Amino acid sequence: MSIPREHRLRKHAEFEVVYRCGQRHFSQALTAFYLLRPEPAEDGALECSRDPRVGITVGRVMGKAAVRNRIKRRVRAAVTENLGRLTRPLDVVINPKKAALEIDFQQLCAEVARAFEVAEQKAAFDAGKNARPQRERRSAQPGRLAARKP
RNA sequence: CAAGUGGACCGGAUGGUCGCCCCGGCUCGCCGGGGAGGAAAGUCCGAACUCCGCAGAGCAGUGUGCCGGAUAACGUCCGGGCUUCCAGCGUCAAGGCUGGAAGACGGCCAGUGCCACAGAAAACAUACCGCCCCGCGCAAGCGGUGGUAAGGGUGAAAAGGUGCGGUAAGAGCGCACCGCCUGGGCAGCAAUGUUCAGGGCAUGGUAAACCCCACACGGAGCAAGACCAAAUAGGGAGGGAGCCCGCUUCGGCGGACACGCACCGGCUCGGCGCGUUAGAACCUCCGGGUAGGUCGCAUGAGCGUGGCAGCAAUGUCCCGCCAAGAGGAAUGACCGUCACUCCGCGCAAGCGGAAUACAGAAUUCGGCUUACAGGUCCACUUGCCUU
RNA sequence: GGGGACGUAGUUCAGUUGGUUAGAACGCUGCCCUGUCACGGCAGAGGCCGCGGGUUCGAGUCCCGUCGUCCCCG
C-alpha cells in the first residue's frame, strides 16, 4: 500500500466497526464510511494512536483481480494526495464504484478530498459536543466513555 | 511476393517527481539493492513437503489403456507402429508410393445386458413378397412338420465381397483373387510387418453399457503443520490446619490473644479495617487452549553459456549466477522522449490524432487446458511474377 | 489459497437402466361467465435442456473441455 502502515486499517474487525457504526458519504465514483475513533482510555491501551486511518474495499463484483487492483491503486493514489486533510483520529473505509476505473484522475482526487472534508466537519461538530455518540445506534458501542447529555 | 495450415518465440524501451513492500548497513532517518506472468488464470493431472492412519495380504473403489523410451512422477513429452481423412503421383480399375493432419488406439470368436420405430427376421435365422419342387385341380388357385438367404422391400446395421462354375431353384456347395480365423517360418526388444500351410467362414454393432485383462493409487491438505502465548471462563494439584472466656432460643453473638491480607508509615514497633472450621473465600503451581505473534517461506528435481552421449524427449560434465516474498495483502500515480501499427494532410521530409492485448504472485515445482492487440522465425500446400 | 454442489418454459422444479412428441404448478395471451372486477371454466402460445466438441443408429441423460452461480474451511 502506498499509504503508510500506521494510516491503514488492518483488521477485519476494524472494518466491521466502521461499517456498523459509522456515517456515510456518497459520490459518483465511491462511497465513504467514516467513524471518529473514541479517545484512548487514560489508564492504558496507549498504543492506539491519534492518526487517521484509511481502508479500501473492492468487492468481487467489480471485476477480475487485475481490474480490482487497478481500481484500488487509483483510489490509493488519490488518498495519498489528500491524506493531510484528515487531522482527527478518523477511520475511513472507501468502497469505490466501477466509475473509479474510468474517470479522470483529477476528478477522483477531488471526490476523495470532498469526502475527507465532510468527515472532518462532522468529526469537528461531534467533538465540539463533548464527543457525544454520533448516532443512537452507537449506544451499544463498548468503547463509549462520554457521559450522556445532561 | 500473397494466402492458408501446423509449430516455436517475443509480449514495448528509457528517464524525471512523489509514494509502497522486502533485505542489508549505520551517525536512527537516511543510504544502497531487489520487486509479477507466459499464461501468475482454470484447479484438470502428477510430485515435493506436512499431519493423521498403517503387521502382511486380499476385496471393494478410482484412474490409465497400441509398443518402446524419457522422467522424481504423470492422463505429460519423444520415437516407432496401426487405422482414418486430405492432397499429389501412379493404374483401364484396384492394390500401391510420397507428404501432411487427426486418433480415450487392450478385450464383445470370457460372460451378461441393450439395439426404439420400421421390418419376415436385430443374433439359436420358426421365410413377408418372390423363386423352385411335390400333391390336388380343366383352370384360376389351394395345400405341404417341403427346399432356398440369389433378388425385393424395411432399417443406422440383414449373417464374408467380386467373378466363374454348379443347381429343380439356390447356397463357400466347389474354384480363383481379396478379407477373416488357426498354426508355423523370417525381420524387429516390442507393437507390428511379411511369407507359407491349413480352415470354407464359425466372428452383426455397442465396453465414453455392466464387465474381463494389465498396471498404478492409504487419507487429507500451507486455512497442512510446528513453536511462543494476553484477557475471560472452566479443569487438575497443593496450600489455606487456632485456641480461650461469657451469653444462648444451640442457629449463633460478643470479647481477648494468635495468624493472614490491605492501608498509614523510609523500616521495626505500633495504629486501624477485614477474614479465620468452610476443605469456603483466597493464594501458588500445572496442563489444554482462543485472540495475537513467530516459523513453515524461497538455494531449488533452480537458471544460463558451452562440451559430450542420444534420431529425439532427455541425461551428464565444466564454468558462472542468486532472481518478489505480502498477510484488508507491495510491485503504483503523474509527466516526458523514442520505437512499432493504423488513420488524415503532403510528391517527399514531416505534422496531427488514435490504438498498444489477455491479464496480477500468495508453500513450491513438472505438465495440460483456456484467454491474448501486435510482431518475428521455421516447415508444408496453393496462386502469381522473375531467372 | 483449498475443498465441494448445481445450470431444463418468464419463475420454481420433474425427467426412471440413452429411445423417438421434454412434463407439472404458478405466471402470460385470447374467449366464456358477470352490470363490472375477482373467482371459476375452455383454449393457446412459450424450450436449439448454459456453451463447444466427442462416443453412439440416436444424447437433457454418457465422456471431455469451457462459462456462470452457490455453499464450506479463518
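Values in this document were obtained by computation on a predicted structure and should not be read as measured data. The chains referred to below are lettered A, B, ... by the order of the sequence lines, with proteins before strands, and numbering in each begins at 1.
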Suppose you measure atom [atom1] in [N] against the same atom in [M]; what distance do you get, rounded to whole Å?
{"N": "B:rC377", "M": "B:rC340", "atom1": "P", "result": "16 Å"}
{"N": "B:rA93", "M": "B:rA191", "atom1": "P", "result": "39 Å"}
{"N": "B:rG16", "M": "B:rG304", "atom1": "P", "result": "31 Å"}
{"N": "B:rA207", "M": "B:rG219", "atom1": "C1'", "result": "31 Å"}
{"N": "B:rA156", "M": "B:rG119", "atom1": "P", "result": "13 Å"}
{"N": "B:rC129", "M": "B:rC196", "atom1": "P", "result": "50 Å"}
{"N": "B:rA190", "M": "B:rC178", "atom1": "C1'", "result": "29 Å"}

If you assign each of A:Q106 and A:V93 to its closest nucleotide in RNA chain B, which residue comes earlier from the 5' end?
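Comparing both residues, the 5'-ward one is A:V93.
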Start at the 5' end of RNA chain B and walk down; is the nucleotide closest to A:E81 or to A:V58 reached first?
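It is A:V58, whose closest nucleotide lies nearer the 5' terminus.
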So, does A:R76 get its side chain near the phosphate of B:rC334, meaning an N or O under 4.0 Å from OP1 or OP2?
no
Checking [X] side chain against [Y] main chain: does a donor-acceptor pair fall under 3.5 Å?
{"X": "A:K97", "Y": "A:S27", "answer": "yes"}
{"X": "A:E111", "Y": "A:A29", "answer": "yes"}
{"X": "A:R74", "Y": "A:A100", "answer": "yes"}

By ring-ring contact (aromatic ring centres under 6.0 Å, His included) - contacts of A:F116 (at least two apart):
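Checked A:F116 against ring-ring contact (aromatic ring centres under 6.0 Å, His included); zero matches.
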Looking at every non-hydrogen atom in both residues, tell me the closest pair between A:F105 and A:A78 and how far apart they are.
CZ-N, 3.9 Å
If you look at every heavy atom in A:V54 and A:L86, which pair is closest and at what distance?
CG2-CD1, 4.3 Å
With a 3.5 Å limit on both atom pairs, tell me what [N] is paired to, counting Watson-Crick and G-U wobble, or say none.
{"N": "B:rC26", "value": "B:rG29"}
{"N": "B:rU83", "value": "B:rA102"}
{"N": "B:rC49", "value": "B:rG221"}
{"N": "B:rG296", "value": "none"}
{"N": "B:rC311", "value": "none"}
{"N": "B:rG360", "value": "none"}
{"N": "B:rA39", "value": "none"}

For A:R70, does the CZ atom sit with more than 12 other heavy atoms under 6.0 Å from it, leaving out its own atoms?
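No - once you tally the heavy atoms of other residues, nucleotides and ligands closer than 6.0 Å, there are 12 at most.
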Just the table, please: protein N/O against nucleotides 355-362 of chain B N/O, every pair under 3.5 Å.
| from | atom 1 | to | atom 2 | distance (Å) |
| --- | --- | --- | --- | --- |
| B:rG360 | OP2 | A:A66 | N | 3.0 |
| B:rG360 | O2' | A:N69 | ND2 | 3.2 |
| B:rG360 | N7 | A:R73 | NH1 | 3.2 |
| B:rG360 | O6 | A:R73 | NH1 | 3.4 |

Could you tell me whether A:E120 and A:R85 make a salt bridge, using a distance below 4.0 angstrom between a side-chain N and a carboxylate O?
no
Does some side-chain heavy atom of A:V92 sit less than 4.5 Å from a side-chain heavy atom of A:F33?
no
Reading RNA chain C 5' to 3', what string of ( ), [ ], | and . shows its pairs, if Watson-Crick and G-U wobble pairs count only when both distances fall under 3.5 Å?
((((((((.[[[[.)...(...]]]].(((((.......))))).....[[[[[..)....]]]]]))))))).
